[in-house]
There are 2 protein chains.
Amino acid sequence: MSIKEDEFINALRKRGYRATRQRLTILKALRGSSTHPTAEELYNMVKPQIPNISLGTVYRSLELFERLGLLQKLSLGKSPCRYNGNPKMHYHAICLSCGRVFDVDEPVPNDLGRRFSEKTGFKITGYKLEFYGYCKECLSKSRKPEVR
Amino acid sequence: MSIKEDEFINALRKRGYRATRQRLTILKALRGSSTHPTAEELYNMVKPQIPNISLGTVYRSLELFERLGLLQKLSLGKSPCRYNGNPKMHYHAICLSCGRVFDVDEPVPNDLGRRFSEKTGFKITGYKLEFYGYCKECLSKSRKPEVR
DNA sequence: TTAGATGCAAAGGGTTTGCAACGTC
DNA sequence: GACGTTGCAAACCCTTTGCATCTAA
């Protein structure tokens, strides 16, 4: 865990960013969470350790982490964005009816996007795969399922 | 084209929604556009034909179309959401530096998500695959590329 | 006829931002 | 000491919503 922390600190310094207590604490909270917390949830998770941290700092850190490829940002319908700091890439399935986010544990085609990258010179640092549809519960409840 | 329009009208009526001029016009504008317009861009595209249409109606229609699986909504960083009405599924590659959206014309693994669906009873109506990274131009310009 | 849809405009709220103070290097 | 970062709170602006009116069925 501390080895990873060093890696993170180096990754920041290498690019001229500072390894502040706020950033370290936020990333640790994100990594330690198996859910996909919102910015506000992270704010509350971090507050016991840094009581006067501000929500703005959380947003600024998350934006930086995204640019550094350290997390996945999930923009769901109306609800606030959720952040996935799990280094293991995985898919999500999002229910269009209740809005819940499900993890999908399926193998990832490992050459996904390689051809595009070679053809265009686009450097892929990450990807996001989201399935949309309706979860079991909503399907059984809905009187008018909007399913193709 | 008119056949497709009939299909759309039926899809709406079947579920108790009305086939209004606004909805038909908005969907046609979206289908006829190869870019991924924002709600406001669609609003301006439709305005010549329905001068007193409101932005709220555009948003409400787009939200309905999404629930019906007729479009793909793309939530990009800070910019407003973009809507992809191209019936042919495709991927996108989003540059984290300049924010541009590139279409990826690569074959889609056709059984993606099938296992998850069978296992969990989740009914998949669509999916979204986005690559993140840095486009050629930004890579060559950037003095401090934030690339892993 | 009547229930769903629209137009309008105001409200909403997640996210961003300016600036002075602070902390890292 | 210099400059990147934070805290605070106000501003932003995309998106949603309430309500009277309209219209598709």
Side-chain angles (χ1 to χ4, degrees), chain A residues 5-6 8-27 29 36-44 46-47 49-68 71 73-83 96 99 143-144 146, chain B residues 5-6 8-27 36-44 46-47 49-68 71 73-83 99 143-144 146:
Chain A
E5 189 171 322
D6 289 349
F8 172 57
I9 291 174
N10 286 333
L12 285 175
R13 294 204 181 138
K14 209 182 347 186
R15 303 194 172 94
Y17 297 109
R18 291 182 182 169
T20 65
R21 190 158 74 99
Q22 286 85 344
R23 285 173 181 166
L24 293 174
T25 310
I26 292 167
L27 191 75
H36 311 91
T38 63
E40 186 151 12
E41 283 163 4
L42 276 168
Y43 171 66
N44 288 321
V46 168
K47 210 160 186 183
Q49 299 166 69
I50 311 179
N52 68 332
I53 195 171
S54 76
L55 191 53
T57 296
V58 175
Y59 274 108
R60 276 188 280 227
S61 301
L62 291 172
E63 196 235 354
L64 175 62
F65 297 165
E66 189 187 12
R67 276 187 288 121
L68 293 173
L71 59 75
K73 184 179 178 183
L74 303 171
S75 305
L76 317 168
K78 317 187 181 188
S79 41
C81 291
R82 297 191 162 274
Y83 297 87
L96 293 171
R143 280 176 299 180
K144 183 172 62 178
E146 281 156 353
Chain B
E5 189 171 322
D6 288 348
F8 172 57
I9 292 175
N10 286 332
L12 286 174
R13 294 203 182 141
K14 209 180 348 183
R15 302 192 173 95
Y17 297 109
R18 292 182 181 170
T20 64
R21 190 157 74 99
Q22 286 85 344
R23 286 173 180 168
L24 294 174
T25 311
I26 292 166
L27 191 75
H36 311 92
T38 63
E40 186 152 12
E41 283 164 2
L42 275 168
Y43 172 65
N44 289 321
V46 168
K47 210 160 186 183
Q49 299 165 67
I50 311 180
N52 68 333
I53 195 172
S54 75
L55 191 53
T57 296
V58 175
Y59 275 108
R60 274 188 282 226
S61 300
L62 291 172
E63 196 234 353
L64 175 62
F65 296 165
E66 188 186 14
R67 274 187 290 122
L68 293 173
L71 59 75
K73 184 179 178 182
L74 304 169
S75 305
L76 318 168
K78 317 185 181 192
S79 41
C81 291
R82 297 192 161 274
Y83 297 87
R143 282 174 299 179
K144 183 173 63 179
E146 283 156 352

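Note on naming: letters A, B, ... go to the chains in the order of the sequence lines (proteins, then strands), and numbering restarts at 1 for each one. Computed from a predicted model, the values in this text were never measured in an experiment.
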**Asked** Is there a donor-acceptor contact under 3.5 Å from the side chain of A/R23 to the main chain of A/R18?
**Response** yes
**Request:** In whole angstrom, give the distance that lies between atom CZ of A/R13 and atom P of D/dG4.
**Result:** 15 Å
**Message:** Please check this pair: side chain of A/T25 against backbone of A/R21, looking for a donor-acceptor N/O pair closer than 3.5 Å.
**Reply:** yes
**Message:** Please report the distance, rounded to the nearest Å, between CG in A/N52 and P in C/dC22.
**Reply:** 11 Å
**Prompt:** Going by modelled atom types, is there a donor-acceptor pair between the base of D/dG7 and the side chain of A/R60 at under 3.5 Å?
**Reply:** yes
**Request:** Using atom CG of B/L12 as one end and atom C1' of D/dT23 as the other, report the distance to the nearest whole Å.
**Result:** 15 Å
**A/R15 CZ to A/R67 CZ distance, which is reported to the nearest 0.5 Å** = 11.0 Å
**Request:** Grab the OH-C1' distance between A/Y43 and C/dG14 for me, whole Å please.
**Result:** 15 Å
**Prompt:** Can you check the B/I53 CD1 to C/dA9 C1' distance for me, whole Å?
**Reply:** 16 Å
**Request:** Between B/R18 and B/G56, just flag the one whose closest nucleotide in DNA chain D comes earlier from the 5' side.
**Result:** B/G56
**Message:** Once you apply a heavy-atom cut-off of 4.0 Å, does A/A19 come out as touching a base, just sugar-phosphate, or nothing?
**Reply:** sugar-phosphate
**Request:** Can you figure out which of C/dT15, C/dA5, C/dG7 approaches the side chain of B/Y17 most closely?
**Result:** C/dA5
**For atom CD1 of B/I9 and atom P of D/dT23, their distance in whole Å** = 18 Å
**Nearest-Å distance for atom pair CG/C1', residues B/L55 and D/dT16** = 11 Å
**Asked** Do any side-chain nitrogens or oxygens of A/T20 fall under 4.0 Å of OP1 or OP2 in D/dG4?
**Response** no
**Message:** Is it the case that the side chain of A/S61 and the backbone of A/T57 share a donor-acceptor pair, with hydrogens and angles ignored and the cut-off at 3.5 Å?
**Reply:** yes
**Asked** If each of B/T57 and B/Q22 is mapped to the nucleotide of DNA chain D with the nearest heavy atom, which maps nearer the 5' terminus, i.e. the 5' end?
**Response** B/T57
**Prompt:** Taking NZ, NE, NH1 and NH2 as the nitrogens, is one of them in B/E41 or B/R82 under 4.0 Å from a carboxylate oxygen of the other?
**Reply:** yes
**Request:** Report yes if at least one side-chain N or O of A/Y59 is closer than 4.0 Å to OP1 or OP2 of C/dT15; otherwise report no.
**Result:** yes
**Prompt:** Nearest-Å distance, CZ (B/R21) to P (D/dC22)?
**Reply:** 15 Å
